[in-house]
Amino acid sequence: MCAPSRRSALGGAAGRQGPWNQAALPARSASPASGRRRRSRSTGGVYPAPAARERGWGGPPGPGYNPPTMRAARFSQIFVPTLKEAPADAQVASHRLLVRAGFIRQLGAGIYDYLPLAKRTLARVEAIVREEMDAVGGQEFELPALHPAEIWKESGRWTVMGDNMFRLKDRKGGDYCLGMTHEEIFTAIARAELRSYRQLPQVWYQIQTKFRDEPRPKSGLLRVRQFTMKDAYSFDLDAAGLDRSYEDQRVAYERIFTRCGLDFVAVQAHSGAMGGSASQEFMVRTDAGEDDVAACPRCRYAANAETARSKGPLAPLRPGPALDVPRRFPTPGVRTIEALAKPPHGRPAAMQLKTLVYMGDEKPVLAVVRGDDELNEAKLQTACGAAVLRPARPEEIRPLLGADPGSLGAVAFSAAPVYVDESLRGAAGMVTGANQDDVHLEGVDVARDLLWHAAVADLRSVRAGEGCPRCDGTLDLFKALEVGHIFKLGTKYSESMKASVLAADGKEVPLVMGSYGIGVERIMAAAIELHHDADGIVWPMAIAPYQATVLTLGQEPELRAAAEEVLGQLERAGVDTLYDDRDERAGVKFKDADLLGIPIRVAVGRKGLAGGTVEWKRRGTKEVQLVPLGEVGAKARALVEAETRRP
RNA sequence: CGGGGAGUGGCUCAGCCUGGUAGAGCACUUGGUUCGGGACCAAGGGGUCGCAGGUUCAAAUCCUGUCUCCCCGACCA
């Protein structure tokens, strides 16, 4: 931040004595002809700058970088490779615009170069994250990305992570991996160093590069194989402590996303490979996202579709006649629910039981849902407790059940665990496969024929329009992008890795842990998905690479001089500024300014200058205001302060 | 992994079917005219046509293999 003494230099007086003053011109400018293609030099005098800064480099942001930097960057000198056309393979807005505006370039599938503009925005996001982590007592670490296999084997995740983990060998043949997340590593530190309940709680975090061998990288920065994550871990003595740490993080997350200009919802989530009892995801509503969220507009209920519940299917069950015992009937050639619903069979989907076979940790499990419902794999995974779940292959199904998919059923089948959706609890008169090709059963009574060996669980996917499980509202379903995820891990890792402390009563107890992640690049990309228009990005002030941009509309010396005056004011006001000093036509500068999305645009042109004004425009609005030259600094300062203030 | 598509100057693409001189627009360089919403004229520079084999007198083009990237389905910040 700028020094208080310099801030106080702000004010009306400064504006009237700048180098835009006519008398100063001849001495301060090169002749138009020779100055045309020359790098603009600082006019010196009023605001001398170190030589390095004069070349226009704002200075590299990095660890400890604390924007805003002083001294405007010069567009003619900095590396901002903008493009008129987007690469053909960019599908989503954030990807297109990040490439076009010169923020990123692709190195490989799901691997991106972050160019200087991106680095500036990412540094701002990180600064906000850091501030909010520190505010809840977080302590920053930086741990290795390269991990020996042993530590992942201890927790069991060397296997669980499967192909998602990048693995490599060292020269001696030892197994290593690139870190996907750091529960194991932080837990190892806690295990080695934490001895007493008196040292708790601890909240540790880092902002660090993660590697995940995503099966399908896509959508620019939304789904990549190398990315920056803020990951935090809390260590408490007991569940109550974890509740407090978790709540601290939840509040910090809300502040972080709000400050970064994101509209988001916190939703109930599926814990997946992370394990643990409870978790919430922070979701940004956008069609570029890959998650489905069910939310009730009436109450605050919101959940990832993987866990969302509802009052149940909208269409009522349509039972057929009840029978004392299921009866076989021939269904030649019938392989699908639809085929069985049509003549000559005419068993509507809502009368059928759909039976699916999965492999949970390579052991078969059966799931039964209503014919017109969809199985939610995440729910099945929760129900059966498997670490890895996949659909069974036909060649695995036939030996087990004696039929191919299309005629499968769970009646009297107990060779593998069977889970039945709870909506079917009282269903009778149902139709299902007979585990013999071309034969089905009718008159199936779920309670009588299935539940003696099967378990009831929530398995079906909710649909838009179904009743909210908490109130009388109806559920909305929309696409969303996950930008953060917080987990109550409990003792999963501390037990497997034996990380414990002595409690007040002298007993050894495992640490109770939480883990909390934020995708830094995803925040940047999500902000663009939310804030852009046909012309380019519309950055929220708090994470814009520059807060203001100054354009000269022409090469006249008086325009340059006036621009220098404005830049001086902005510098003294602590506003991070990009000066478009290029010898380009006005249209080019306007287009680039719109594309880059810098919040404040100050255009210095002949027209305005004749009246002692410059043109002030907020990116994302239409209105252009004429502002007296001397007031730009104060006006920008006020806006920047208002829009970057901590809530 | 399954299915679909694409690799030709920095970017967007044509040429391939029907083998014979590698093209356009944008970008870049030089000169000139322009100059308030991606200017115009002229002259230039820049491409092992992803890679490797094969067929042929001759391959960007046909054949085989391979690599890479993108999109659609199963995972996650």
Side-chain angles (χ1 to χ4, degrees), chain A residues 36-37 81-92 95 99-100 102 105-111 129 160-165 180-182 207-232 253 269-274 279 281-284 289-291 304 306 358-359 377-378 381 388-391 393 481-487 515-526 535-536 551-556 559 583-595 601 603-609 615 617 624:
Chain A
R36 250 196 108 190
R37 287 214 155 61
T82 61
L83 258 28
K84 281 190 185 174
E85 284 175 291
D89 52 22
Q91 308 284 318
V92 301
H95 186 196
V99 172
R100 277 196 61 209
R105 288 293 185 264
Q106 183 173 31
L107 182 61
I111 312 174
V129 168
V160 172
M161 289 309 192
D163 289 338
N164 273 350
M165 188 146 73
M180 307 175 59
T181 172
H182 280 68
I207 298 175
Q208 194 250 16
T209 303
K210 298 285 188 278
F211 298 87
R212 296 185 184 177
D213 193 359
E214 288 288 339
R216 193 153 95 75
K218 58 178 287 199
S219 305
L221 295 189
L222 295 186
R223 188 184 190 77
V224 293
R225 298 196 292 174
Q226 172 176 345
F227 61 99
T228 312
M229 181 161 104
K230 184 290 298 178
D231 47 322
Y253 274 42
H270 176 65
S271 296
M274 211 62 88
S279 84
E281 289 165 321
F282 290 79
M283 295 286 205
V284 171
E290 299 183 273
D291 281 289
N304 191 308
E306 290 178 337
Y358 277 77
M359 300 300 277
E377 293 186 8
Q381 185 178 9
V388 180
L389 187 75
R390 65 167 174 85
R393 291 183 279 266
L481 173 69
E482 180 184 5
V483 289
H485 200 158
I486 59 180
F487 298 87
S515 124
Y516 318 93
I518 285 182
V520 175
E521 292 89 344
R522 273 195 184 174
I523 290 184
M524 174 167 79
D535 296 317
L551 280 49
T552 48
L553 304 180
Q555 294 304 309
E556 291 84 345
L559 297 185
D583 181 13
E584 288 286 359
R585 302 162 65 87
V588 172
K589 295 191 181 187
F590 286 138
K591 288 290 184 189
D592 272 341
D594 286 346
L595 183 58
R601 187 189 81 189
V604 181
R606 274 183 305 279
K607 291 180 200 162
L609 209 53
E615 291 164 30
K617 182 171 173 294
V624 175

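First the proteins, then the strands, lettered A, B, ... as listed; each starts at 1. Since the structure is predicted, the reported quantities are computational estimates derived from the model, not experimental observations.
- We find that A:Glu85 and A:Arg100 are not joined by a salt bridge, their nearest charged nitrogen and carboxylate oxygen being 4.0 Å or further apart.
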### Message
What does the B/S/- profile of nucleotides 8-15 of chain B look like, 5' to 3', with a 4.0 Å heavy-atom cutoff to protein?
### Response
---BSS--
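- Legend: residues meeting side chain to side chain contact (heavy atoms under 4.5 Å, CB included) with A:Gln208, ordered by chain and number and at least two apart, are A:Ala145, A:His182, A:Gln206, A:Lys210.
- Among the heavy atoms of the strands lying under 4.0 Å from A:Gly484 are primed sugar atoms or P, OP1, OP2 only; no base atom is included.
- Comparing the same atom, C1', in B:G19 and in B:G15 gives a spacing of 13 Å after rounding to whole Å.
- The CD-P distance, from A:Glu482 to B:A77, rounds to 5 Å in whole Å.
- Nearest to the side chain of A:Glu214, among B:A77, B:G38, B:G36, sits B:A77.
- Stacking is not found between A:Phe590 and the pyrimidine-like six-membered ring of the B:G38 base under the 5.5 Å centre-distance and 30° plane-angle cut-offs.
- A:Glu521 comes within 4.0 angstrom of no nucleic acid atom, judged by non-hydrogen atoms across all strands.
- Among the heavy atoms of the strands lying under 4.0 Å from A:Ile518 are primed sugar atoms or P, OP1, OP2 only; no base atom is included.
- Comparing atom distances between the A:Gln91 side chain and each of B:G37, B:C75, B:C70 picks out B:C70 as nearest.
- Residue A:Arg390 has no polar side-chain atom (N or O) positioned under 4.0 Å from OP1 or OP2 of B:A74.
- Here the nucleotide nearest the side chain of A:Gln106, chosen from B:A77, B:G38, B:C70, is B:C70.
- Residue contacts for A:Glu584: at a heavy-atom cut-off of 4.0 Å it reaches no nucleic acid atom on any strand shown.
- Residues meeting the side chain to side chain contact (heavy atoms under 4.5 Å, CB included) test with A:Ala525, sequence neighbours left out: A:Ser94, A:Leu221, A:Leu222.
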Return the polar atom pairs (N/O with N/O) between nucleotides 2-4 of chain B and the protein under 3.5 Å, or none.
none

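- For A:Asp535 and B:G37, a side-chain-to-base donor-acceptor distance below 3.5 Å is absent, hydrogens and geometry of angles not being considered.
- Searching all strands for a Watson-Crick or G-U wobble partner of B:C26 with both distances below 3.5 Å returns B:G10.
- A 3.5 Å limit on both hydrogen-bonding distances identifies no Watson-Crick or G-U partner for B:G45.
- When the salt bridge (charged side-chain N to carboxylate O under 4.0 Å, His left out) test is applied to A:Arg225, the partners found at least two apart in sequence or on another chain are A:Asp213.
- The phosphate of B:C69 (OP1 or OP2) has no side-chain N or O of A:Lys218 nearer than 4.0 angstrom.
- The partner of B:C69, taking Watson-Crick or G-U wobble pairs whose two distances both stay under 3.5 Å, is B:G5.
- Among the atoms of the strands shown, none is found under 4.0 Å from any heavy atom of A:Arg105.
- Here A:Arg105 pairs with A:Pro81, A:Leu83, A:Val99, A:Asp113, A:Leu115 under the side chain to side chain contact (heavy atoms under 4.5 Å, CB included) rule; sequence neighbours left out.
- No N or O donor and acceptor, one from the side chain of A:Asp163 and one from the base of B:C1, sit under 3.5 Å apart.
- Pair assignment for B:A52 gives B:U64, based on Watson-Crick or G-U wobble hydrogen-bonding distances that are each under 3.5 Å.
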